Amino acid sequence: MLKAVQKNATKGDPQSVISAIDHYCRNKEWAMNVGDDKGLILDSVLTEVNPSAALELGTYCGYSTVRIARLLSPGSKLITVEFNPAFAAVARQIIAYAGLQDKVTLVEGPSGDLIPKLRERFGVKSFDFVFLDHWKDRYLLDTKLLEDCGLLQKGTVLLADNVICPGTPEYLKYVRSSPRYESRYYKSNLEYTKLEDGLEKSVFLG
Ligand SMILES: CCNc1ncnc2c1ncn2[C@@H]1O[C@H](/C=C/CNC(=O)c2cc(-c3ccc(F)cc3)cc(O)c2O)[C@@H](O)[C@H]1O
Ligand SMILES: [Mg+2]
């Protein structure tokens with residue numbers, strides 16, 4: 001994937017990096033990026049929120065990191081968390097190739113350990129936007145951790161990938177039944193396939 005970006009994308013042009021990855025994953029080797037269909041929903045929710053502090057759980061190769069960072073207003077920041085050093089190394093190169101390294105802080109380590117340290121280490125008061133795309137059975141735990149650490153504020157938008165496939169049943173149940181969230185499902189399809197998948201947008205009500 002990294003080679004495909006370096007070969008086919010234009011340095012400093014995030015859209016060309018996104019297109020190169022999508023082309024590679026459609027034609028050469030499938031990969032678990034949020035992809036272009038769900039990516040358009042991510043783009044529209046992000047543009048609507050226009051966050052000054054955004055968090056991504058599960059960088060993987062940095063595809064959604066680039067999608068998010070390219071739409072951030074000047075001075076806004078994205079913190080992305082990845083615990084696999086090999087994926088983090090690839091993501092750093094893809095983010096840099098897109099020219100977005102100044103907007104993105106990639107933190108290596110498990111989200112469970114890092115979330116409680118984000119305030120002291122990065123001066124984050126709270127997040128306006130959180131993209132969840134890491135292990136599906138950790139969405140709920142980490143959402144509760146973000147609540148407990150006071151990193152969510154009234155109006156914070158959580159956007160969760162894969163709520164249908166592979167699925168995040170306990171997370172969905174929580175955000176859809178909790179009085180502290182206003183939740184909505186965006187139907188789409190699993191990246192680079194015709195299978196159904198979707199994103200769940202949940203607004204924290206405080
Ligand atoms: C331990 C929890 N904390 C974590 N802290 C930091 N990074 C974490 C964490 N978990 C996982 N990660 C990282 O996030 C990424 C994991 C993503 C998991 N995603 C999926 O399993 C996934 C899987 C599919 C999928 C769908 C259909 C299939 F047939 C096969 C796969 C589609 C997707 O869009 C997916 O996001 C990796 O880079 C991993 O190293
Ligand atoms: Mg995903």
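Note that ligands are numbered from 1 as they come in the structure, with each ligand's atoms numbered from 1 the same way. Model, not experiment: these values are computed from the prediction. Any value given below was found using the heavy atoms of this structure, including those in side chains, with hydrogens, waters and symmetry copies removed.
- Heavy-atom proximity to P110, at under 4.0 Å, picks out these atoms of ligand 1: 5 (N).
- Listed by number with element, the atoms of ligand 1 under 4.0 angstrom from any heavy atom of D161 are 34 (O).
- Between R138 and ligand 1, no N or O atom pair is found at a separation short of 3.5 Å.
- For atom 4 (C) of ligand 1, the nearest non-hydrogen atom of the protein is S111 OG, 3.5 Å.
- We find that R92 and E108 are joined by a salt bridge, their nearest charged nitrogen and carboxylate oxygen being less than 4.0 Å apart.
- Listed by number with element, the atoms of ligand 1 under 4.0 Å from a non-hydrogen atom of G109 are 5 (N), 6 (C).
- Between N162 and ligand 1, an N or O atom pair is found at a separation short of 3.5 Å.
- Within the 4.5 Å cutoff, the side chain of E48 has no heavy atoms near those of the S44 side chain.
- With hydrogens and angles disregarded, no donor-acceptor distance shorter than 3.5 Å links the side chain of W135 to the backbone of G58.
- Looking only at protein heavy atoms, the nearest one to atom 32 (C) of ligand 1 is E191 OE2, 3.2 Å.
- Selection from F87, W30, F83 by nearest heavy atom to atom 1 (C) of ligand 1 gives F83.
- Between the side chain of R119 and the backbone N or O of K125, at least one donor-acceptor pair lies under 3.5 Å.
- For ligand 1, none of its N or O atoms has an N or O atom of D142 under 3.5 Å away.
- For the pair D197 and K194, the salt-bridge criterion is not met [side-chain N within less than 4.0 Å of a carboxylate O].
- I94 is not listed as a side-chain neighbour of Y63, based on a closest heavy-atom distance of 4.5 Å or more.
- Looking only at protein heavy atoms, the nearest one to atom 23 (C) of ligand 1 is P166 CG, 3.6 Å.
- Close approach to Y60 involves these atoms of ligand 1, each under 4.0 Å from a residue heavy atom: 38 (O).
- Y60 and E82 share no side-chain donor-acceptor pair at under 3.5 Å.
- Protein heavy atom nearest atom 17 (C) of ligand 1, with residue, atom name and distance: D133 O, 3.3 Å.
- Remark: minimum distance from atom 16 (C) of ligand 1 to any protein heavy atom is reached at W135 CZ3, 3.3 Å.
- Proximity of L190 to ligand 1, defined as any heavy-atom pair under 4.0 Å, is confined to the side chain (atoms from C-beta onward).
- Listed for the R138 side chain is no donor-acceptor partner under 3.5 Å among the backbone atoms of G112.
- For ligand 1, none of its N or O atoms has an N or O atom of N33 under 3.5 Å away.
- When K38, R67, K136, K201 are each tested for a salt bridge (Lys or Arg N to Asp or Glu O under 4.0 Å) with D161, only one passes: K38.
- Contact annotation: for T59 versus ligand 1, there are no heavy atoms closer than 4.0 Å.
- At least one N, O or S atom of N162, from either the backbone or the side chain, sits less than 2.8 Å from the Mg ion (ligand 2).
- Side-chain atoms of Y192 and D22 include a donor-acceptor pair closer than 3.5 Å.
- Between Y174 and K144 there is a side-chain heavy-atom pair separated by less than 4.5 Å.
- An angle of 100° is found at the Mg ion (ligand 2) between D161 atom OD2 and D133 atom OD1, rounded to 10°.
- In this structure, atom 14 (O) of ligand 1 lies nearest to the protein heavy atom G58 CA, 3.3 Å.
- For atom 29 (F) of ligand 1, no protein heavy-atom neighbour is found at a distance under 4.0 Å.
- Here the side chain of S178 pairs no donor or acceptor atom with the backbone of V175 at under 3.5 angstrom.
- Distance from atom 39 (C) of ligand 1 to its nearest protein heavy atom, with residue and atom name: E82 OE2, 3.4 Å.
- Looking at Y139, its side chain does come within 3.5 Å of a backbone N or O of L132 through a donor-acceptor pair.
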